S.K.: 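Sharing a structure, written as structure tokens. Questions coming.
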Amino acid sequence: MSYELPPLPYAYDALEPHLSRRTMQLHHDKHHGKYVDTLNKLIANTPYTDMPLDQIMRHSVSKSGKQERAIFNNAAQSWNHTFFWHSMSPQGGGSPPDALAKKIKAAFGGYEQFREKFIETAVAQFGSGWAWLVLDGNELTITSTGNAGNPLVEDKIPLLTCDVWEHAYYLDYQNRRPDFVTAFLDHLVDWEHVTLRLTKAPKLDEVR
Ligand code: MN3
């Protein structure tokens, strides 16, 4: 079995003007596509071929060795990107719906505090990585991971992610990561997807 690059859940230009068609084409077709291709090459004729991505991550993360590391990185980047596409919507952004707003208020004090902390965490992630809203036990928390890191392997359940690798925003925002993350929250985040994830918890290994 080999993995396929899932199509974007919307048109390449659907997130304009916040993310351009050019960014989305390159990011999805070239970057995400390359991770999937590389993963398929790395796992050919290994026991990993029959595992879903989250299991590949869980199995490879604890192993040492260059090959296992590469398998983890490419499996996690494949999972993370698909999840990132679903974390956004052309109708997204702004404050979350009531039920979720209540949970965010309980965890962070309010939406504004959540927004500030998410931006701060995403900007503070040194170099490449991801900012996340996760369910840690019963608690909503904000965290970040470096490079291909994914909170699933720490038994946290991803609810939302923002890709803060430069390739995610450089064409549109150059070095202005704070502007990109702000646009992500204000105009793109798909709260319906987050709500759906929360109602499915704790069976959240799948991307959608
Ligand atoms: Mn990326």
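What you see is a predicted model, and the numbers here were worked out from it, not measured in a lab. Whatever order the structure lists ligands and atoms in, that order sets their numbers, starting from 1. Heads up: numbering here begins at 1 and tracks the sequence.
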S.K.: Hey, what do you get for CG (D163) to CG (N80), rounding to the nearest 0.5 Å?
M.R.: 8.0 Å
S.K.: Donor-acceptor pairs under 3.5 angstrom involving side-chain atoms of residues 139-149: please list them, not counting sequence neighbours.
M.R.:
{"from": "S144", "atom 1": "OG", "to": "Q125", "atom 2": "OE1", "distance (Å)": "2.9"}
{"from": "T145", "atom 1": "OG1", "to": "W132", "atom 2": "NE1", "distance (Å)": "2.9"}
{"from": "T145", "atom 1": "OG1", "to": "G149", "atom 2": "O", "distance (Å)": "2.8"}

S.K.: Taking side chain as C-beta onward, heavy atoms only, is F84 less than 4.5 Å from W130?
M.R.: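 When only atoms from C-beta onward are counted, W130 and F84 do touch, with a gap below 4.5 Å.
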S.K.: Return the number of protein N, O or S atoms with a distance to the Mn ion (ligand 1) smaller than 2.8 Å.
M.R.: 4
S.K.: What is the minimum heavy-atom distance between S89 and L15, and which atoms define it?
M.R.: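 Shortest heavy-atom contact: C-CD2, 3.8 Å.
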S.K.: Taking ILVMFWY side chains as joined if any heavy atoms are under 4.5 angstrom apart, and letting links pass through other members, which residues group with L171?
M.R.: L26
S.K.: What pairs meet the salt bridge (charged side-chain N to carboxylate O under 4.0 Å, His left out) rule with one or both residues in residues 23-35, with sequence neighbours excluded?
M.R.: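 Qualifying pairs: none.
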